[in-house]
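What follows is a short report on a single structure.
Atoms considered below: every heavy atom in the structure, side chains included; atoms not considered: hydrogens, waters and symmetry mates. Atoms within each ligand, like the ligands themselves, are counted from 1 in listed order.
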Amino acid sequence: MILTNFVSGLLLSSCALAAPSSPSISRRAASALPFSTKGRDIIDSNGDVFHFISTNWPGHQEIMIPEGLQHSSIKDIVAWFPKFGLNSVRLTFAIEMIDDIYSNNPNQTLEKSVINALGHSNGTKVLSQILEKNPQFNKNTTRLQIWNAVGKELSHQGVYIHLDNHVSKAFWCCGDDDGNGWFGEKYFDVENWKRGLAWMAKHAKENWPTFSSVGLRNELRNAKVAEPVDWYTWYTHMTAAADAVHKADPDALIFFSGLSYDTYIDPIPLGKTLNGTTGTASSGRTAEFEPSKLAYKDKIVLEIHKYDFEATQDDCETFKSKWYQKGFQAVNPKDPNTKYIFPMVISEWGFIQNGTYWNQTTYARCLIEMVKEYQVSWMHWELSGSFYLQTRPGRTPQTLQGLEEAWGLLDYNWDAIRSPITLENSLYKMRDALN
Ligand SMILES: *[C@@H]1O[C@H](CO)[C@@H](O)[C@H](O)[C@H]1NC(C)=O
Ligand SMILES: *[C@@H]1O[C@H](CO)[C@@H](O)[C@H](O)[C@H]1NC(C)=O
Ligand SMILES: *[C@@H]1O[C@H](CO)[C@@H](O)[C@H](O)[C@H]1NC(C)=O
Ligand SMILES: *[C@@H]1O[C@H](CO)[C@@H](O)[C@H](O)[C@H]1NC(C)=O
Ligand SMILES: *[C@@H]1O[C@H](CO)[C@@H](O)[C@H](O)[C@H]1NC(C)=O
Ligand SMILES: *[C@@H]1O[C@H](CO)[C@@H](O)[C@H](O)[C@H]1NC(C)=O
């Protein structure tokens, strides 16, 4: 079914490339919304199973606009999605962007955003490159106007928009104790976060016809100075944030991520008691994530990340059984330990696109097997061939401008595929693994 959609989508999109306006694709995509959940599946408005087949397009770093606009027009970047056979995007944003809207901060223009991030000399140069590639903008265009242009073009080309709250303060995610990791940490103000999520959900619903869903927070992780790091605290804030999103847009799917950089979420499908931490403010507190009691019970999706950082030569049976334990019980009603069923999305996976890595470990191959076996949506990390800049606490130098992204699907200049053989052996097989 998805395959059928995908093939006709490709045919339509090649016509669309010839004739730039494509109202039929855009209308058809929007008419399958809203999505909701039914047991282990995401279904569209016709009741058909839908899988997100996506890559990430970051927009959460310092400049707070989607990456790549100094190399390519928004229209040409978006055109890569149908070319890759992707039906959706995970578009990442920072809460700081919405805080600036609320405070009416004068630094929201393109000119100020770029120069504040890159300095006067490089900033002026990159600004003129952005304006050359995207002449519909000028230096006074605001970040939000740029996001609107991106959201409208994605909708126009029939690409579903999943908005992911990646960070609070706008810079590269994620490091230990970087201030963005856990509720109440240095930059992670819980009230501003909920306000920002609700604002974005409402704005996207009102302006971008293919907007489908929101990820509440990317890669929650331990923090030394923050609220207690435990599942009870997770429950309290995640359900409050989901309420805020659901009020702002009752149609949106809501993605819940797990702990430790979103590497596990099994306590939720297993229906475990969610405990506080002895000796802290959450001591003795407990909760249970019981979907039937939540207003948005048919909108809940679980998300999990998987990178190739350990046990890189596991055979696929071992790989799959270890990973299954981290939360895939959610999509397996036959597992006697599963208490609550939810759809699951692999919302980040990826590796260096250098032509050989895909076959140096078992990761790429086993991931394909996992998707084939469990039929879950996925979102590759990532589209960008390079970044405006990247600040990574703990690295020397901490900030690099014009950094190459060797994991990106596109090359440095965003005008070609970085590694066709890698795509043949990973992204395209991940796509074909969904039937
Ligand atoms: C705007 O940016 C300038 C630096 O160019 C900074 O000094 C100023 O504090 C910023 N204003 C606000 C309200 O953040
Ligand atoms: C940008 O805004 C400034 C101040 O309002 C104005 O003087 C200038 O003409 C504007 N430039 C463009 C290109 O719109
Ligand atoms: C919470 O504590 C109970 C009792 O010790 C335990 O059975 C349960 O597994 C704990 N929950 C989690 C998510 O670890
Ligand atoms: C690709 O990256 C891997 C991991 O860093 C490395 O071992 C391998 O030599 C690289 N391949 C090429 C062609 O550079
Ligand atoms: C992939 O790696 C395996 C084992 O290292 C090797 O046998 C196989 O020939 C490689 N395949 C390709 C296409 O390079
Ligand atoms: C300015 O940009 C160039 C090219 O992207 C980069 O090599 C250089 O380090 C940048 N300057 C600063 C101060 O970061």
Any atoms of ligand 4 less than 4.0 Å from a non-hydrogen atom of I352? List them with their elements.
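In order of numbering, the contacting atoms are 2 (O).
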Please list the nearest protein heavy atom to [atom] with its residue and the distance rounded to 0.1 Å.
atom: atom 3 (C) of ligand 2; value: N140 ND2, 3.5 Å
atom: atom 14 (O) of ligand 4; value: N354 ND2, 3.7 Å
atom: atom 7 (O) of ligand 4; value: Q360 NE2, 3.0 Å
atom: atom 4 (C) of ligand 4; value: Y357 CD1, 3.6 Å
atom: atom 13 (C) of ligand 6; value: Q401 NE2, 4.3 Å

Near N138, which atoms of ligand 2 are under 4.0 Å from a heavy atom of that residue?
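Heavy-atom distances to N138 below 4.0 Å select 13 (C), 14 (O).
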Decide whether a cation-pi geometry holds between R431 and F84; the criteria are a distance under 6.0 Å from NZ or CZ to the six-membered ring centre and an angle within 45° of the ring axis.
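That pair does not qualify as a cation-pi contact.
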On the ring face of F52, is R90 found with NZ or CZ under 6.0 Å from the centre and within 45° of the axis?
no
Would K139 count as a polar contact of ligand 2, with the cut-off being nitrogen or oxygen pairs under 3.5 Å?
no
Hey, is the main chain of I95 close enough, under 3.5 Å, to the side chain of D100 for a donor-acceptor pair?
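Checking the backbone N and O of I95 against the side chain of D100, no donor-acceptor pair under 3.5 Å is found.
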Is a donor on one side and an acceptor on the other found under 3.5 Å between the side chain of Y187 and the backbone of D178?
no
Give a yes or no on whether K306 atom NZ has more than 12 heavy-atom contacts from other residues, nucleotides or ligands under 6.0 Å away.
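Atom NZ in K306 is packed in, count exceeds 12.
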Closest contact, heavy atoms only, W80 versus I417
CZ3-CG1, 3.7 Å
Less than 4.0 Å between atom 9 (O) of ligand 2 and some protein heavy atom, yes or no?
no
Considering the heavy atoms of N122, write down every atom of ligand 6 situated less than 4.0 Å from one of them.
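Listed by number with element: 1 (C), 2 (O), 3 (C), 8 (C), 10 (C), 11 (N), 12 (C).
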Should E96 and R143 be marked as a salt bridge (charged side-chain N to carboxylate O under 4.0 Å, His left out) after you check the CA-CA gap, both sets of side-chain angles, and the distance that decides it?
CA-CA 12 Å; E96 186 180 353; R143 291 177 199 137; 5.9 Å; no
